[in-house]
Amino acid sequence: MSVNLELRKRLILNDVDIDASKLSSIGAIDVSYSKHDLSTAVTTLVVLNDRLELIYSHSSTINDLTTPYIPGFLAFRELEYLKKEVDLLRETKSHLMPDIWLVDGNGILHRNGFGLASHFGVACDLVTIGVSKNPYIFDCSELSKRSAKNQYKILMKTLKNVGDYFYISHPIDKTILGVGLKTTLESTNPIFVSIGHKCSLNTAIAITLKCCKYRIPEPIRFADSISRRHLI
DNA sequence: GCGACAG
DNA sequence: ATCTTGTCGC
């Protein structure tokens, strides 16, 4: 908990050294879990070039997973594994270090304004964007949760073209935390994009869109499918 | 007590 | 997250 607060002080919410028009590479990391063996998981780091082609991947098996997943505390479970993969890349293939990272989880679109993508960005000093497939629900009571879900349903119907989005604000202070973004013409459900670290929301949206051939951005799709394959 | 809640 | 199954479309 004290670690989180120390990291949070260093969070940066605007573009730092990022020129979306001349991105050379983009990275992603994903963790897949075994259903049969609760202590086993696989972490996969991928690097894609500016044409969204896979140019590097590395996977590590976790055999002693003990931390459970608790909603709102994803970073508590996954951060150490993401950090390990980045440290390894820095040691062995530093010339492949991506300009920007997509993280499977939210950035500031979070109860404490500091989700996994932000933790990861600050802890490793990387430019990160948070991407999640499901809406983050702030509300606690069943009643307000249901109304929040209904709100999302209504907002989803307003998305018509690729690149359309709706803002998601903090339920109390109303600050903008992220967007629900339509990434392909075919997809009914948006993805949820937020600032991770050292990146503005507009840049996060633009880069995420550039990465989408399908609903889920290519870097995350690659990391997800490779880590899942390693698990078998 | 049980299920739901980014993954 | 994980599992299954089926269905549609290229």
Side-chain angles (χ1 to χ4, degrees), chain A residues 4 8 28-46 59-63 65-85 101-121 128-153 156 168-171 177-181 183-197 204 208 213-217 219-232:
Chain A
N4 292 0
R8 203 187 149 153
I29 308 184
D30 190 50
V31 184
S32 286
Y33 301 89
S34 165
K35 190 200 179 180
H36 306 295
D37 181 358
L38 268 54
S39 62
T40 299
V42 170
T43 311
T44 296
L45 178 157
V46 297
S59 299
S60 298
T61 300
I62 302 160
N63 292 310
L65 185 69
T66 51
T67 318
Y69 168 63
I70 300 165
F73 296 91
L74 181 61
F76 190 66
R77 179 165 158 97
E78 292 195 352
L79 179 61
E80 62 171 307
Y81 304 116
L82 306 198
K83 192 169 178 340
K84 257 179 207 167
E85 282 300 313
W101 295 77
L102 297 188
V103 177
D104 206 342
N106 291 313
I108 65 169
L109 177 51
H110 184 272
R111 197 174 305 280
N112 309 123
F114 199 55
L116 176 63
S118 297
H119 270 84
F120 176 59
T128 61
I129 297 169
V131 177
S132 70
K133 306 172 199 71
N134 296 294
Y136 188 91
I137 306 293
F138 291 89
D139 308 85
C140 295
S141 79
E142 285 301 329
L143 194 68
S144 50
K145 252 188 240 179
R146 279 220 326 184
S147 96
K149 285 180 183 175
N150 283 330
Q151 266 305 313
Y152 276 120
K153 254 187 166 177
M156 277 166 54
I168 301 165
S169 304
H170 188 100
L177 299 180
V179 296
L181 176 68
T183 57
T184 66
L185 206 53
E186 298 76 28
S187 58
T188 312
N189 299 324
I191 62 172
F192 300 88
V193 177
S194 59
I195 294 172
H197 183 50
T208 301
K213 288 165 86 167
Y214 308 103
R215 175 178 173 246
I216 306 300
I220 292 178
R221 284 185 66 239
F222 274 111
D224 185 68
S225 94
I226 294 170
S227 62
R228 203 177 312 221
R229 220 158 30 74
H230 270 265
L231 211 45
I232 302 169

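The basis for the numbers below is simple: all heavy atoms, side chains too, and nothing from hydrogens, waters or symmetry mates. Here is the naming used below: chain letters follow the sequence lines, and residue numbers restart at 1 for every chain.
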Interatomic distance, [X] [atom1] vs [N] [atom2] [rounded to whole Å]:
X: A:Y214; N: C:dG9; atom1: OH; atom2: C1'; value: 13 Å
X: A:Y136; N: B:dG7; atom1: OH; atom2: P; value: 11 Å
X: A:F76; N: B:dG7; atom1: CZ; atom2: P; value: 19 Å
X: A:R111; N: B:dA6; atom1: CZ; atom2: P; value: 10 Å
X: A:N106; N: B:dG7; atom1: CG; atom2: C1'; value: 10 Å
X: A:F73; N: C:dA1; atom1: CZ; atom2: P; value: 20 Å
X: A:K133; N: C:dT2; atom1: NZ; atom2: P; value: 9 Å
X: A:L109; N: B:dG7; atom1: CG; atom2: P; value: 11 Å

Look at all strands and tell whether A:G72 reaches a base, only sugar-phosphate, or nothing, counting heavy atoms closer than 4.0 Å. base
What contact category does A:H110 fall into here, base, sugar-phosphate, or nothing, at under 4.0 angstrom with non-hydrogen atoms? base
May I ask you to check whether A:N134 and A:S132 show a side-chain donor-acceptor distance below 3.5 Å? no
If we check side chain to side chain contact (heavy atoms under 4.5 Å, CB included) with A:H170, which of these qualifies: A:L109, A:L177, A:I108? A:L177
Would you say the rings of A:H119 and A:F76 are close, in the sense that their centroids are separated by under 6.0 Å? no
Proximal nucleotide (of B:dA6, C:dA1, B:dC5) relative to the A:L116 side chain: B:dA6
Among the nucleotides B:dA6, B:dC5, C:dT2, which one has an atom lying closest to any side-chain atom of A:N134? B:dA6
Same-atom distance (C1') from C:dT4 to B:dG1, integer angstrom: 28 Å
Taking C:dC3 as the reference, what is the distance to B:dC2 when you measure between their P atoms (whole Å, please)? 25 Å
Using modelled atom types and a 3.5 Å cut-off, is there a donor and acceptor pairing between side-chain atoms of A:R221 and backbone atoms of A:K213? no
So, does A:S32 get its side chain near the phosphate of C:dT2, meaning an N or O under 4.0 Å from OP1 or OP2? yes
Is the base of B:dG7 stacked against the aromatic ring of A:Y69, taking ring centres under 5.5 Å apart and planes under 30° as the test? yes
When the ring planes of A:Y136 and A:H110 are compared, do they come out parallel, tilted or perpendicular, using 30° and 60° as the limits? tilted
